[in-house]
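To start, the structure under review is shown below, and the notes come after it.
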Amino acid sequence: MNVIAPALIGGTLLLSGGGPQAFASDGADERIEEILVVGARLPRPVQDVVGTVDVITRDALIEQIAVGAEDVVRYVPGVSVARADSRFGATEFTIRGLSGNRVTTLIDGVPVADQFDVGAFANAGQDYLIADAVSRIEILRGPASTLFGSDALGGVVAVVTRDPDEYLGAESLAATAAAAYSGADQARVMNGSIAGRSGALAGVLHASYLAAEQRDASGTSLEEPLDRDRGAAVLKLAYTLPGGNALRLKGETFDEQVSSRPEAVLGFGRQFRNTTFLAGDDRRTRRALQLEFAFAGPGGWVDAGRVIGYGQRSRTDQRTDERRDLLEPPVAIERRFNYRVDDVGLLLDLESGFDLAGVSHRLGWGASVRRSTVEELRDGLERNLDTGAVSSVLLGETLPVRDFPNSKVLEAAVYLHDEVSLGPVTVIPGVRLEHYRLDADVDAVFREDFPTTPAVDVSESALAPRLGLQWRLAPGVDLFAQYAHGFRAPPFEDVNIGLDFSVPFNVRAIANPDLRSETSDGLELGLKYRGDAIGFTATLFGADYDDFIESKASLGFDPASGALLFQSRNIERARIYGAELSVVARLTPSLDLQAAASWTRGENRVTDEPLNTVDPPSLMTRLIWQPTARWQGTLALRAAAAQNRVDDSAATLFEPDGYALLDVTVGYAPNDRVRVNLGVFNVADQTYWHWASVRGRPEGDPLVDLLAGPGRYGALSLRVDL
C-alpha cells in the first residue's frame, strides 16, 4: 500500500469498570465519564481529547488478573512490550512501531529512567509497574513531543497510582488485602494497603511482594531456572488546604532481585561457543520522592494548575558468572554491569479560561526542567582454572570500562496550547520550545580504553508545533484531525558509545559525533461515535521521519582492520502509517462486546526495506457476560498475523507465524468486600511469539524458543476489603 500516509487512528479502547469489588454497571446510560490527563497534561473528558488514547482501568486489571507489563497490554492491539530474553524480562513499550526510548513512561506524571542495554550481559529495563497500586493507565498513541518532550516521539504510557480517597470513599479508615497467582511464570503476589483520614490530612501506604520463577514458553521443553523476588511500596499523603487547594507528598521504593541460569545459548555462535556454565545475579532498585501542589487559581491569569517537584534514583546492578571449560586453558569469568540514573525535575502546568472577541479560549501553558546524571560501568575478571592466575583482560577488553562517558543531561521546555471554541468546532494550536543539552564527562576509566574517541557534547533547541481540530458533527459524533511535529535529540548512548571486542570476535561499536536529531511530521484523522448501545473510534495515521536514529547499525567490515563495525546512524527518511479501529457495544442487557484492531506499516524510504520495530497486524475481541451484579464472565480472542515484512538484508531473521489465542475469565463477588477472579489463558495451548520479543533474532538463535509466549496457564486472584 503506497500511500502518503495520514493513516491511523487507534481507537479509544475503554476497558472500564466499577469499584474494587463491584462489576461494571448494567445500564449503558450510567457510564462514568472518563477523565484523562495525557491529552492536555491537565484533566480532560475523553470526548474532548484530540487523538487516540487507550484507557486501562483498575477494574480491567483486576478482571484480567494482570501481574506484569505484558498482561496490562494483552488486549491493546498496536501496543506491545519488548522482552529482552528469559533473564532480563520485559524492558520497554512499543507503540505504533516505535520503541527504543521513543515512548515516554510516566508514573504519576514523572518520567522513569531510559532503557539501556549493551551486549548479552547487561540490560536496564523500565518495568517498575506494580499493577495492584494502579488506578488507571493511559496510553497516548503517536507523536506527543508538544506536550511531553522529545522522548515522547512515539507516544506516552502514563501510569496513575491510587490516591487515598480511592481507598477510603466516605470512610475514615480502610484496609485491603489481595493475593494473586499466575501460571505464566508461577508468580505469587501479595498486596496490602492501609488508608486513613484525619481532618484535612489523608494518606495511604500500599505494599506489594512478588515471587516468580522461569517464564513458561509454549512449544518447548527448554527451561532456564530463574527466581525473581520483588518488593515495592508506595506512600501517598494528601493535605487539603483552605479553599480546596491540595498538597500531596509521594514516596516510592522498588527492589527486585533475580537469580537465573541463562544457559540456552551455551555453545551457540562465536560468543558462547566454549561456554559450559552461565549464571546471572541481578538487582534493580528505584527510589522516588515527589511533592505536588494542586490549586485553583484566584482568577485572572490562572484558573487552575499544579507544580510538581521530584527526585528519583534508579540502579541496575548485574553480575554474570561464566565457565569456559572447553578453552585451553579453561577459565572462569565474572562480569559486572552497573547502570545508575539520578533525576531531579520540576513540572509546572497551568490553565486559563477566557473569552476574547466573543471566542472562548481554554489556554494550557507551563514549563518543565529535568536534570539527569547517568553513569555506566562494566567490570570483571578472568581466572585461569589451571594456574589460578587472575586477569582483568576479558576477551581482549581491559576492565573496568565505560561504554560511554559519564553524562549529564539537561532538558528544559516551555509549552503553550489553546483550545479555541468556534461553535461545534474546536481548534487546538500548540507549541513547545525545548532545549536539550548533553555534557559528556570523560574520566580516566573511559579515556584509558578509548584514548582517541572524541567525547561529544550536544546542545539542541527545537520547536514542536501541533494543530488539532475537533468537529462535533452531532451529539455523540466527533470528527478529529491533528498534525504534530516531533523531535528527539541524539541520546548519550548513541552519540558517545564505544565498545571494542577486537579480540577474539573482531567486533567494534564506534561513536557517531555527527549524529543528528530525528524529527517527525505526523497526521492523524479519526471519527468517534458514542451512542447508548454502541461506540466506536476509527483512525488513520501516518508520520514521516527525517534522520531517524538506528541504534548500533551494522556498517560491515572495516577494510583496514577487518573488524565488524557497528554505529548508530541516521536513516535519512522513514515512514510509519496505519489504521486502527475499536468498538464497544451492548448486545443485550447482560452481554457486551469489545473489539479492536491495528494495522501498521513501516518503511526505510532510502532502502525501501521494512522497519523491524513495527508489529504485524493484530486484533482482539471480547464478549463480557454479566448475568447479575455478582457474576461476570469474559471470552476473549487475541490474534496477530504472521510477520512477513522484515529487513533481513544484514542477516536472515526469525519470522514468527500468526496466531489466534482464546482466553476465558470469570469473576465473582459474594459480597461488597470480597472479589475472586479466575482465568485460563491460551486455552488451546498454542505456540506463538510476540514480534516485539523476537525482532532482530537470527534464524537458529536458541533464545527464540524460550521467548515464545506462555502456553495454556491459569491465574487466580482474591481481594478483600478488611
Side-chain angles (χ1 to χ4, degrees), residues 5-14 16 27-55 138-144 146-147 303-304 349-365 415-432 464-485 521-543 579-586 596:
L8 158 75
I9 271 191
T12 304
L13 179 61
L14 297 178
S16 59
D29 57 345
E30 298 176 18
R31 281 180 285 194
I32 298 173
E33 182 178 55
E34 290 283 353
I35 302 296
L36 309 184
V37 296
V38 296
R41 292 189 65 96
L42 289 172
R44 288 287 187 279
V46 65
Q47 66 268 23
D48 291 344
V49 173
V50 172
T52 306
V53 181
D54 302 288
V55 182
E138 301 174 11
I139 301 176
L140 177 62
R141 302 179 186 231
T146 304
L147 290 175
D303 293 330
D349 297 306
L350 304 171
E351 188 168 273
S352 305
F354 57 92
D355 291 331
L356 183 64
V359 177
S360 175
H361 294 258
R362 191 176 187 182
L363 194 68
W365 48 297
Y415 77 90
L416 175 71
H417 69 92
D418 190 10
E419 300 175 23
V420 185
S421 297
L422 304 170
V425 176
T426 302
V427 180
I428 309 174
V431 66
R432 182 186 188 93
R466 170 180 179 254
L467 179 61
L469 174 71
Q470 184 178 44
W471 184 7
R472 188 138 294 168
L473 302 174
V477 183
D478 294 285
L479 180 70
F480 71 88
Q482 70 167 325
Y483 160 80
H485 179 78
D521 292 284
L523 294 173
E524 188 167 355
L525 175 66
L527 180 67
K528 295 180 182 179
Y529 171 75
R530 183 180 174 94
D532 291 337
I534 189 170
F536 71 84
T537 303
T539 310
L540 301 175
F541 70 92
E580 296 171 342
L581 174 69
S582 71
V583 178
V584 179
R586 172 134 295 178

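Worth knowing before you read on, the calculation uses all heavy atoms, side chains too, and leaves out hydrogens, waters and symmetry mates.
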Inter-residue atom distance [X].[atom1] - [Y].[atom2], 0.5 Å rounding:
X	Y	atom1	atom2	answer
Arg472	Asp478	CZ	CG	4.0 Å
Ile428	Thr426	CD1	OG1	6.5 Å
Lys528	Leu479	NZ	CG	11.0 Å
Arg466	Arg432	CZ	CZ	12.5 Å
Tyr415	Leu147	OH	CG	7.0 Å
Leu525	Gln482	CG	CD	10.5 Å

Minimum heavy-atom separation for [X] and [Y], please, with both atom names.
X	Y	result
Ala538	Leu581	CB-CD1, 3.9 Å
Asp355	Ser360	OD1-CA, 3.2 Å
Phe480	Leu527	CE2-N, 4.1 Å
Gly430	Thr146	C-CG2, 3.9 Å
Ser352	Trp365	OG-NE1, 3.1 Å
Val420	Pro429	CG2-CD, 4.4 Å

Donor-acceptor pair, side chain of Arg362 and main chain of Gly353, under 3.5 angstrom = no
Heavy-atom check, side chain of Asp418 versus side chain of Val427, under 4.5 Å = no
Under the ring-ring contact (aromatic ring centres under 6.0 Å, His included) rule, collect the residues that match up with Tyr529, sequence neighbours excluded.
-> Phe536
